[in-house]
Number of protein chains: 2
Amino acid sequence: MDNKTKNRPQTPPPDGGRPTLKTIAFMTGLGITTVSRALKDAPDIGAETKERVRLVAKQIGYQPNRAGVRLRTGKTNVISLVLTLEEEIMGITSPMVVGITEILAGTPYHLVVTPYSAVKDALAPIRYILDTGAADGVIISRTEPHDARVALLTERGLPFVTHGRTEMGIVHPYHDFDNERFAYEAVRKLVARGRRKLVLLEPPPHLTFYSHMRAGFERGLRDFQADAVGFHQTNIDHSLVEIRDAFEILMRSEDAPDGIVSGSGSGAIALIAGLEMAKKKLTEDCDMVSKSPSDFLRWLRPEVMTMYEDIRVAGRELAKAVIGHIDGQPPETLQSLSQPEFQPPITRGLRA
Amino acid sequence: MDNKTKNRPQTPPPDGGRPTLKTIAFMTGLGITTVSRALKDAPDIGAETKERVRLVAKQIGYQPNRAGVRLRTGKTNVISLVLTLEEEIMGITSPMVVGITEILAGTPYHLVVTPYSAVKDALAPIRYILDTGAADGVIISRTEPHDARVALLTERGLPFVTHGRTEMGIVHPYHDFDNERFAYEAVRKLVARGRRKLVLLEPPPHLTFYSHMRAGFERGLRDFQADAVGFHQTNIDHSLVEIRDAFEILMRSEDAPDGIVSGSGSGAIALIAGLEMAKKKLTEDCDMVSKSPSDFLRWLRPEVMTMYEDIRVAGRELAKAVIGHIDGQPPETLQSLSQPEFQPPITRGLRA
DNA sequence: CATTGCTACTGTATCGTTACAGATTTGAAG
DNA sequence: CTTCAAATCTGTAACGATACAGTAGCAATG
């Protein structure tokens, strides 16, 4: 066979299979290379040729074979969402996945969920992804001030974004909820209601947003002249039963607070239960502000003032940020902070 | 170069990269083919050789390149979870993803989340997966009695499992919650409390479990001699506000029921709101049984009797079933039904 | 001693794509 | 009439793995 046409498929590709570059090459009479280059709009391909190739490709519904691309170029077109199995407790995963996929839908990226058990090494899934080249970008959450995962990913140059900030002098993409501001505004609100002895159900101390929330809480106490009641026996990572029982004890003590800031929506449920077991009543003995990623508190306990943390939007921001990072945008342009706002009460529909 | 050793890598593979078959071939002095076959325990490789190869592979942490395997064999090692973006409303996705990944963690499979907008064609993601060979198996939910996705997947021979059953004479793997039994037991419970005018907040009529739940409800009415109050204006797919408003009207009418069966946990919230807006009280004017995939109802409205639907376990069952299907196990052995059970009240901890 | 059959191993081609290094044509410049 | 450059296209090799069709060596068979 003449060299000149050796790269041109001589046989029509089998019918059943999906179209490949070869199919298009055969149909257009061009070489496979030319077709490949035409589809990526390379400068050394004629305008008319590109047009023809694009037309045929579209007609037959050509979609590049991911395995082929991945093998040749190393590009996986995968974003990996790294989750603790325990994360579901907060019911946070679901809207986040939805938010991420909303953004990825308009891109060639697929979302792969990579779980790990918090009991074990949180680095394990990161290492796996790095070692096997399993993804082009990674989304991680539950960040710590000095986060080993962030260090490792940065060192190895794999694009990522964190849900939450770090404090290690590394500038990296992140999205975060402004927990400092949340706690500050919560205190403001409680003091405005005449509450002066405030308690905070805080995040676990090793996570970065622990100090954010505490800082906001304490700044609020200073600015609005209220006092803190210590409550460090439990945090939002503990079981509802643990939180409830610890809080009941507190509410029965001399030190019982009259204002509560809850760092999580499910934690709020437990606090309410503890409070009621201590025979206290919301709005009478106590007011409460809670962060809430869903609606149920507003519906079932409208007396709790809630600030909505929109996890779905967070998912969208995170997805945009990883992709930006992959595309080489500077990390400092890929950081965002979502501002808490008090939610209006449920509209009372019929008879408002 | 002598043909005999042409397949033996002559140069040590570059250090930085991850190990491949070539690396092992070089280290053992064997051919690439031999290494490949040894690792899959092929019968034509010597026992001692296999041992050596396995040892080296383990030492250097060899993991097969997924793109290579996928390109050559078509095996993707991917399970695709196909979700409606709207599904998150029920907060169902999160524990399901966790359950699935728990099972997949012990396998070579990755979980890819493939969303679609219910507004558009539910077949679109299925077609995408079929056309691009994106997955070895598919998990779908929100099944209908005659489900086009099930028909298509079956026709094209792609393994799948459904969350929910179908009624089209196709024997396929599924996992389902026994909604018939749920509604039946709910009616029994309500009647035992002296309730006789019962209402059902039902699933949307086009889904299979609509008729299951209705059948259970009606069988209960017959067996326990109660009456149904019609309430078809809304279903569990409607917004909480819509459900609440429709239910308030019902509760203010002549026809007001004294027993409620709620087909979803979030729907229950809206029903409670509607009921309270109509100045009625749970346990006094009305009792309620609700399906509940989470804990908050039990905590915040202990007077509602709940049957827990464990979505996490469902995820596990679904994952096991798809893999079973991929492995060629007969579909009829991959069907499971989870039995509803009433949940005990929250233990009152300290002073029980 | 040739044949057969078995065991244990190996080379080649291929999946679909792209990087790279040509190759051909055309037209303009010298 | 060269020579050169630009424009456009093409072949080859490679990514890592595996299916397939061998081959070499050796023992048993007739």
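By convention in this document, chain letters (A, B, ...) are assigned in the order of the sequence lines, proteins followed by strands, and residues within each chain are numbered from 1.
- Pairs engaging residues 49-58 of chain A under the side chain to side chain donor-acceptor pair (under 3.5 Å) rule: D41(A)-K50(A) [sequence neighbours left out].
- For the pair E48(A) CD and dC9(D) C1', the interatomic distance rounds to 13 Å; values are reported in whole Å.
- Within the structure, salt bridge (charged side-chain N to carboxylate O under 4.0 Å, His left out) contacts touching residues 102-115 of chain B (residues at least two apart or in different chains) are E102(B)-R312(B), E102(B)-R316(B).
- At the phosphate of dT8(D), neither OP1 nor OP2 sits under 4.0 Å from any side-chain N or O atom of T34(A).
- The CG-C1' distance, from D44(B) to dT18(D), rounds to 13 Å in whole Å.
- No side-chain heavy atom of I126(B) sits under 4.5 Å from any side-chain heavy atom of F160(B).
- Across the protein-nucleic acid pair, I45(B) atom CD1 and dT18(D) atom P stand 13 Å apart, rounded to whole Å.
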Protein N or O to nucleotides 15-18 of chain C N or O, pairs below 3.5 Å:
| from | atom 1 | to | atom 2 | distance (Å) |
| --- | --- | --- | --- | --- |
| dC15(C) | O2 | R72(B) | N | 3.4 |
| dG16(C) | N2 | G68(A) | O | 3.3 |
| dT17(C) | OP1 | Y62(A) | OH | 2.5 |
| dT17(C) | OP1 | N65(A) | N | 2.8 |
| dT17(C) | OP2 | L21(A) | N | 2.8 |
| dT18(C) | OP1 | K40(A) | NZ | 2.6 |
| dT18(C) | OP2 | S36(A) | OG | 2.8 |
| dT18(C) | OP2 | K40(A) | NZ | 3.4 |
| dT18(C) | O2 | R72(A) | NH1 | 2.1 |

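- Straight-line distance from the CZ atom of R70(A) to the C1' atom of dA14(D): 18 Å, rounded to whole Å.
- Counting only residues at least two apart or in different chains, salt bridge (charged side-chain N to carboxylate O under 4.0 Å, His left out) contacts with residues 317-334 of chain B comprise E317(B)-K320(B).
- Partners of R156(A) under the side chain to side chain contact (heavy atoms under 4.5 Å, CB included) rule, at least two apart in sequence or in another chain, are L130(A), D131(A), L152(A).
- Rounded to a whole Å, the NZ atom of K75(B) is 12 Å from the P atom of dA19(D).
- Every residue meeting the salt bridge (Lys or Arg N to Asp or Glu O under 4.0 Å) condition with R165(B), not counting sequence neighbours, appears here in chain and number order: D176(B).
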